**Q** 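Starting off with a structure, shown below.
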2 protein chains.
Amino acid sequence: MALPKLSKLEFQIMDTLWNGSECSIREIQEAFPARKRPAYTTIQTTVYRMEAKGIVHRVRKVGNFHVFAPAISREAAQRRLIDDILAFFGGRGQPVMAHLIETGKLSLEDVKQAEQLLRSQTKERQS
Amino acid sequence: MALPKLSKLEFQIMDTLWNGSECSIREIQEAFPARKRPAYTTIQTTVYRMEAKGIVHRVRKVGNFHVFAPAISREAAQRRLIDDILAFFGGRGQPVMAHLIETGKLSLEDVKQAEQLLRSQTKERQS
DNA sequence: TATTTGTTACTACACCTGTAGGAGGAAGTA
DNA sequence: TACTTCCTCCTACAGGTGTAGTAACAAATA
């Protein structure tokens, strides 16, 4: 699979990697809020599995620890996520947006910007 | 949990129930496209589990089979879904919409309608 | 060098989900 | 009634994920 689906924990780990670019297991673990911080080995196991799936890779060894880097982009992962949930909405984005609006997750500003983006895209496609 | 998370298969089953309101296991199974139709007992097991989780319930027995009905609304389930993925976007709806637009899942019409919806909501809140 | 501390690599386990087989019972049919 | 068909209920199992312990080793320190 080109883009394997990421679980919640995997996504959180990727988030740290995307922010910091390159991290050790320890750094990833400590990026979790102290209250809900999984055990070191929990992160380790998960990162190893992610490595096996090709979504992270080791870039080098520093001292006695390894440094990992993301192997897929945040955008790609997010897009994958959205494609997945779109399946639950019959592939149509409109109901998704409706829910976002109903739950107050989109401002008028957001929508106006979106409209701009759409218009520019349409223009590009025509030219 | 008030609203348990639905898996893909569970959502497909709910879809049949939401459309037909009340269905037997057989009806749910036959609603799947013939090519990718799970075994009868697969649907059955999953429906039983959903019953245990309180997302469907038996409404009556007809002949020797049971009839099931949804115990949660489509809107509630979809909202739950969206809340989940929003967590992957830092709780902000804007990047979600951006992805929808980039992948051509939203038309200018959709966005305009959304804008209308937003304006009317804002008005309501003010009055 | 001996001790402490931090990593790695391996192992384990429980829960969820998709998948389905089989025994037994109920309902319709010859 | 005897047979066939369909459904229920129980059981099983594999793969994925979250969770973490432990043995062994490497690095830093006393």
Side-chain angles (χ1 to χ4, degrees), chain A residues 1 3-16 22-69 77 80-81 84-85 87-88, chain B residues 1 3-16 22-69 77 80-81 84-85 87-88:
Chain A
M1 202 184 307
L3 252 187
K5 180 180 166 65
L6 301 192
S7 73
K8 184 172 176 60
L9 179 61
E10 287 173 339
F11 213 98
Q12 289 177 286
I13 289 172
M14 288 308 279
D15 210 51
T16 306
E22 299 189 345
C23 301
S24 66
I25 302 286
R26 181 62 67 189
E27 286 170 325
I28 294 171
Q29 193 221 359
E30 293 187 340
F32 279 79
R35 302 303 156 207
K36 46 177 97 175
R37 182 174 295 160
Y40 180 91
T41 47
T42 298
I43 303 296
Q44 192 191 29
T45 303
T46 306
V47 170
Y48 285 179
R49 286 174 184 164
M50 291 164 80
E51 189 185 17
K53 287 193 274 188
I55 54 187
V56 304
H57 61 104
R58 315 187 177 208
V59 284
R60 64 174 177 282
K61 188 166 184 174
V62 176
N64 66 336
F65 60 86
H66 295 283
V67 175
F68 294 84
R80 170 62 205 271
L81 211 57
D84 272 1
I85 70 130
F88 293 105
Chain B
M1 202 184 306
L3 252 186
K5 181 179 165 67
L6 301 192
S7 73
K8 185 172 176 61
L9 180 59
E10 287 173 338
F11 213 98
Q12 288 177 286
I13 289 172
M14 287 309 278
D15 210 51
T16 305
E22 299 188 346
C23 300
S24 66
I25 303 286
R26 181 63 66 189
E27 285 169 326
I28 295 171
Q29 192 220 0
E30 294 188 339
F32 279 78
R35 303 303 156 207
K36 48 176 94 174
R37 181 174 296 162
Y40 180 89
T41 47
T42 298
I43 303 296
Q44 195 189 30
T45 303
T46 306
V47 170
Y48 285 0
R49 286 174 184 165
M50 292 164 80
E51 189 187 14
K53 287 194 276 189
I55 53 187
V56 304
H57 62 103
R58 315 187 178 206
V59 285
R60 63 172 178 282
K61 188 164 185 176
V62 177
N64 65 335
F65 60 85
H66 295 284
V67 175
F68 294 84
R80 168 63 204 272
L81 211 57
D84 273 2
I85 70 130
F88 293 105

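Just so we're on the same page: letters track the sequence lines, and every chain starts at 1. Note that the structure is predicted; figures quoted are calculated from it, not measured.
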**Q** Which whole-number value in Å describes the distance from Glu27(B) CD to dC6(D) P?
**A** 15 Å

**Q** Expressed as a whole number of angstroms, how long is the span from Lys8(B):NZ to dT17(D):C1'?
**A** 19 Å

**Q** side-chain contact (heavy atoms from CB on, under 4.5 Å), that's the test. Do Ile13(A) and Phe68(A) meet it? Break it down for me.
**A** CA-CA 11 Å; Ile13(A) 289 172; Phe68(A) 294 84; over 6 Å; no

**Q** Measure from the side chain of Arg49(B), starting at C-beta and using heavy atoms only, and say which of dT8(C), dT17(D), dA12(D) lies closest.
**A** dA12(D)

**Q** Rounded to whole angstrom units, what separation is found between the CD atom of Gln29(B) and the C1' atom of dT8(D)?
**A** 15 Å

**Q** In whole angstrom, what separates Phe11(A)'s CZ from dG18(D)'s P?
**A** 13 Å

**Q** OP1 or OP2 of dT8(C) less than 4.0 angstrom from a side-chain nitrogen or oxygen of Tyr40(A), does that happen here?
**A** yes

**Q** Given dG18(D), dT8(D), dT17(C), which nucleotide is nearest the side-chain atoms of Glu10(B)?
**A** dT17(C)

**Q** Could you tell me the separation between the CG atom of Asp84(A) and the NZ atom of Lys8(B), rounded to the nearest 0.5 Å?
**A** 7.5 Å

**Q** In the structure I gave you, are the side-chain heavy atoms of Leu6(B) and Phe88(A) within less than 4.5 Å of one another anywhere?
**A** no

**Q** Is Arg26(A) near enough to dG6(C) that one of its side-chain N or O atoms lies under 4.0 angstrom from OP1 or OP2?
**A** no

**Q** Mind checking the CD-SG spacing from Gln29(A) to Cys23(A)? Nearest 0.5 Å is all I need.
**A** 12.5 Å

**Q** Report the distance from atom CD1 of Ile13(B) to atom C1' of dT17(C), rounded to the nearest whole Å.
**A** 11 Å

**Q** Can you tell me the distance, in whole Å, between the CG atom of Leu6(B) and the P atom of dG18(C)?
**A** 10 Å

**Q** Any pair with a residue in residues 32-46 of chain A that passes side chain to side chain donor-acceptor pair (under 3.5 Å), sequence neighbours left out, goes on the list, sorted by first then second residue, please.
**A** Gln44(A)-Tyr48(A)

**Q** Which part of the nucleic acid, if any, lies within contact of Ser24(B), taking any heavy atom under 4.0 Å across all strands shown: a base, the sugar-phosphate backbone alone, or nothing?
**A** nothing

**Q** What integer distance in Å separates Glu51(A):CD from dT8(C):P?
**A** 11 Å

**Q** Compare all side-chain heavy atoms of Phe32(B) with those of Leu9(B) and state whether any distance is below 4.5 angstrom.
**A** yes

**Q** Identify the pairs formed between an N or O of the protein and an N or O of nucleotides 1-4 of chain D at a distance under 3.5 Å, and give each distance.
**A**
none

**Q** Please determine, for the side chain of Thr42(B), which listed nucleotide (dC7(D), dT8(C), dT19(C)) has the closest atom?
**A** dT19(C)

**Q** Specify the closest pair of heavy atoms between Arg80(B) and Lys5(B), including all atoms of both residues, with the distance to one decimal.
**A** NH1-N, 3.3 Å

**Q** Less than 4.5 Å apart, side chain to side chain, heavy atoms only: is that true for Val56(A) and Met14(A)?
**A** yes

**Q** Report the C-alpha separation of Arg49(B) and Glu10(B) in whole Å, then their side-chain angles, then the decisive distance to 0.1 Å, and conclude whether the salt bridge (charged side-chain N to carboxylate O under 4.0 Å, His left out) test is met.
**A** CA-CA 9 Å; Arg49(B) 286 174 184 165; Glu10(B) 287 173 338; over 6 Å; no

**Q** Could you run down nucleotides 21-27 of chain C 5' to 3' and tag each one B, S or - for protein heavy-atom contact under 4.0 Å?
**A** BB---SS

**Q** So, is Arg58(B) close to the dC9(D) phosphate, meaning a side-chain N or O under 4.0 Å from OP1 or OP2?
**A** yes

**Q** Nearest to the side chain of Phe65(A), which nucleotide is it out of dT8(C), dC9(D), dT19(D)?
**A** dT8(C)

**Q** Under 4.0 Å: is that the gap between some side-chain N or O of Thr46(B) and OP1 or OP2 of dT17(C)?
**A** no

**Q** Less than 4.5 Å apart, side chain to side chain, heavy atoms only: is that true for Thr16(A) and Gln12(A)?
**A** no

**Q** Has Tyr48(B) got a side-chain N or O lying under 4.0 Å from the OP1 or OP2 atom of dC9(D)?
**A** yes

**Q** Ile43(B) has an atom CD1; how far is it from atom P of dT17(C), in whole Å?
**A** 15 Å

